[in-house]
Amino acid sequence: MVRIDGKVRRRPEGTLNPDLPTGEVEVYIDEIEVLGPAAELPMPVFGDQEYPEEIRLKYRFLDLRREKLHANIMLRGRVIDSIRARMKASGFFEFQTPILTASSPEGARDFLVPSRIHPGKFYALPQAPQQFKQLLMVAGFDRYFQIAPCFRDEDARADRSPGEFYQLDLEMSFVTQADVFDAVEPVIRGVFEEFADGKAVTPKFPLIPYAEAMAKYGSDKPDLRNPVIMQDVSEAFRGSGFKIFARILETAGNAVWAIPAKSGGNRAFCDRMNSWAQGEGQPGLGYIFWREGEEGGAGPLAKNIGPERTKMIADQLGLGVGDAVFFVAGKPKDFVKFAGLARTKVGEELGLIAKDRFEFCWIVDFPMFEWNEEEKKIDFSHNPFSMPNLSVEEFLALDANDHDKLLAIKAIQYDIVCNGVELSSGAIRNHRPEVMKKAFAIAGYPEETLEEKFGGMLHALSLGAPPHGGIAPGIDRIVMLLAGEENLREVVLFPMNQRAEDLLMGAPSEVTAKQLRELHIRLDLPKK
RNA sequence: GGGGGCGUAGCUCAGUUGGUUAGAGCGCUGCCCUGUCACGGCAGAGGCCGCGGGUUCGAGUCCCGUCGCUCCCGCCA
């Protein structure tokens with residue numbers, strides 16, 4: 001680190017360098033001083049050379065000197081500024097909620113903080129300010145937001161930081177789902193338009209019911225940049241010469257879905273997809289493709305089902321010479337995830353994905369309950385505090401044994417999805433204690449359990465709660481998309497590694513015996 | 001907790017069918033050059049081939065185990 005005093009001058013003719021931002025000037029040095037000597041760096045700080053995460057994280061302060069990461073972090077700051085300004089301009093007010101709070105029994109694993117004053121008792125770091133923001137609504141603050149830190153002791157993913165992350169947490173009183181959308185969508189769209197760097201942003205986020213998303217895209221977080229849309233083609237295979245599928249279709253509820261692959265009409269591609277599927281643990285991936293001179297369709301399936309049925313499939317999917325189609329068969333619930341992967345794979349392999357876009361949608365109408373096959377009972381399928389999409393009277397009148405009817409109930413719950421990334425989820429909250437009691441009863445929890453675990457919340461709701469709802473877009477994921485990064489660590493200042501270790505600060509770390517004594521804690525470590 | 005990939009110089013990587021002394025580029029050190037700007041030239045240092053065990057006359061290479069990093073599943077609003 002040096003200090004240089006001197007005069008900035010124009011470079012002499014012939015030494016100008018238009019490739020450099022400073023290529024027209026130079027400094028004539030009068031004096032130079034070393035302010036902080038530097039040893040050899042463990043990693044160079046220029047260029048886009050890739051380095052192992054371990055070194056990058058251990059020397060994060062060097063990594064942050066690099067242009068890309070520096071720009072990402074600066075972008076993050078500007079995005080947060082923009083979000084905050086947009087929220088305030090929409091009449092939201094920013095609040096701070098506690099970091100040391102109580103452990104909550106549902107959801108993710110808590111980070112616990114032992115209490116010195118109360119031996120044997122623990123605080124927990126909030127998984128989200130969920131209960132506080134609902135209490136704010138009860139308290140009469142009708143438009144809350146916060147750039148809120150959230151703490152969850154769960155395993156990491158590339159798009160999920162271990163330990164902690166940030167949400168744009170917001171909540172509103174006296175609102176419907178549509179009111180929340182009208183408040184949030186302009187903020188998210190505005191921020192993306194502001195920082196999209198020329199990429200197109202969905203002008204009006206379409207609403208896609210959960211069931212439709214699963215049927216068309218095989219995912220509740222579809223990447224709409226991928227034009228591939230799946231269809232049910234069971235009728236083309238029912239009773240056909242392709243016995244494997246014909247037999248599967250004899251079981252009620254089973255189906256055959258088609259994944260169309262425009263421009264994939266060659267054997268090399270179809271074989272590659274088939275081996276990919278086998279690598280994914282599937283028996284294989286049936287296909288038909290069409291090429292010049294074989295308009296009746298090529299591949300083993302086409303031969304088995306004959307030209308008429310093959311044409312039926314081509315017509316239904318709008319496919320022709322040069323195209324291919326893949327099939328998955330069985331119980332949709334079991335194969336839908338793989339079908340979604342195959343759809344993504346087709347899009348990627350054939351270069352069908354429009355990379356220069358931010359494609360948004362709302363996923364709505366999530367099922368309220370789901371069937372737990374192992375325990376043979378009804379479970380909450382997502383958040384137990386969402387309002388069911390029924391009138392209070394209808395919901396209270398439900399028969400807890402009418403499984404078909406219960407499983408068809410939707411919750412007023414919604415996600416924002418962008419380019420296949422789940423950006424946020426929210427809900428209209430269940431603000432009626434009697435509805436909550438009924439919902440928990442359906443899921444098999446006695447009233448005492450509800451009372452014991454959520455008594456405070458329940459009590460608050462019983463003292464005059466407005467209908468309210470909100471959402472919580474993930475800040476890190478927003479910045480990740482805007483920065484064009486695949487990994488959250490590229491948009492976080494001091495991230496932990498996948499094992500939730502901070503290699504720079506050395507966290508987590510052992511503490512002294514004295515500290516433990518003060519906290520009345522004795523360690524009982526696993527034997528190794 | 002489970003599965004996949006990776007692990008060779010400070011960094012990025014190569015390393016044949018198992019064969020003698022493990023290489024390259026960048027970086028680093030010294031010297032030379034001095035209108036260069038990813039300068040150039042000469043010379044040089046730097047290796048527990050992640051670790052442990054096994055097979056073999058011989059292992060960076062094959063096998064088993066283990067550790068680390070990473071991606072995914074489980075988990076997670």
Side-chain angles (χ1 to χ4, degrees), chain A residues 9-28 38-59 62-63 66-67 104 106-111 126-131 133 148 150-171 220-221 276 279-281 337-338 341 344 363 366 374 380-386 411 413-417 421-427 429 469-477 486-489 495-501 503 526 528:
Chain A
R9 305 167 120 193
R10 186 178 171 80
R11 291 186 179 194
E13 279 314 312
T15 64
L16 300 181
N17 186 345
D19 296 334
L20 298 177
T22 58
E24 289 186 27
V25 296
E26 58 191 8
V27 177
Y28 269 54
E40 183 190 341
L41 302 181
M43 54 174 287
V45 295
F46 60 83
D48 286 332
Q49 178 76 60
E50 288 196 37
Y51 294 93
E53 291 270 358
E54 195 176 1
I55 287 179
R56 295 185 53 198
L57 294 177
K58 185 167 179 188
Y59 299 98
L62 294 181
D63 202 19
R66 304 209 293 166
E67 238 173 277
S104 80
E106 49 88 35
R109 209 172 284 118
D110 283 319
F111 279 102
Q127 295 177 20
Q130 180 67 33
Q131 296 201 44
K133 71 175 176 181
C150 303
F151 305 92
R152 290 173 199 164
D153 188 5
E154 297 293 351
D155 290 339
R157 289 286 183 279
D159 64 351
R160 201 169 82 203
S161 298
E164 59 184 77
F165 59 96
Y166 283 81
Q167 288 182 338
L168 163 59
D169 195 43
L170 68 96
E171 197 78 2
D220 60 359
K221 42 181 181 175
W276 166 81
E280 293 288 312
K337 189 166 182 178
F338 168 71
L341 287 177
T344 301
I363 305 295
F366 282 84
E374 278 160 34
F380 288 112
S381 85
H382 294 86
N383 186 324
F385 304 112
S386 304
Q413 185 169 333
Y414 35 82
D415 283 2
I416 297 177
V417 173
V421 175
E422 183 190 314
L423 269 193
S424 53
S425 81
R429 318 298 172 188
I471 194 165
I475 298 285
D476 309 84
R477 285 183 181 174
E486 301 277 318
N487 195 302
L488 280 178
R489 285 187 292 266
M496 296 199 281
N497 66 11
Q498 197 172 37
R499 296 183 43 191
E501 295 165 320
L503 298 176
K528 199 55 204 277

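Convention: sequence-line order gives letters A, B, ...; per-chain numbering from 1.
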Nucleotide paired to B/rG10 in any strand shown, Watson-Crick or G-U, under 3.5 Å: B/rC26

C1'-based separation of B/rA38 from B/rA77 [nearest Å]: 46 Å

Sugar-phosphate, base or nothing in reach of A/A158, heavy atoms under 4.0 Å: sugar-phosphate

Touch class at under 4.0 angstrom, heavy-atom based, for A/E26 against every strand present: base

Pairwise side-chain contact, A/R10 with A/E24, heavy-atom cut-off 4.5 Å (strictly under): yes

Sugar-phosphate, base or nothing in reach of A/D153, heavy atoms under 4.0 Å: nothing

Touch class at under 4.0 angstrom, heavy-atom based, for A/Y166 against every strand present: nothing

Sugar-phosphate, base or nothing in reach of A/R499, heavy atoms under 4.0 Å: sugar-phosphate

Sugar-phosphate, base or nothing in reach of A/R489, heavy atoms under 4.0 Å: sugar-phosphate

Distance between C1' atoms of B/rA59 and B/rU17 (Å, rounded): 14 Å

B/rG40: pairing nucleotide in any strand, Watson-Crick or G-U under 3.5 angstrom: B/rC32

Validation row: A/R429, A/K133 side chains within 4.5 angstrom (heavy atoms): yes

Sugar-phosphate only, base, or nothing, as touched by A/Q413 at under 4.0 Å among non-hydrogen atoms: base

Options B/rC75, B/rA77, B/rC11, nucleotide nearest the side-chain atoms of A/R109: B/rC75

side-chain N/O A/R157 vs B/rC75 OP1/OP2, d < 4.0 Å: no

Min side-chain heavy-atom separation A/L57-A/P495 under 4.5 Å: yes

Side-chain N,O (A/R11) to OP1/OP2 (B/rG35) below 4.0 Å: no

Sugar-phosphate only, base, or nothing, as touched by A/K58 at under 4.0 Å among non-hydrogen atoms: nothing

Touch class at under 4.0 angstrom, heavy-atom based, for A/Q498 against every strand present: base

Sugar-phosphate only, base, or nothing, as touched by A/D169 at under 4.0 Å among non-hydrogen atoms: nothing

Nearest-nucleotide 5' precedence on RNA chain B, A/E154 against A/P12: A/P12

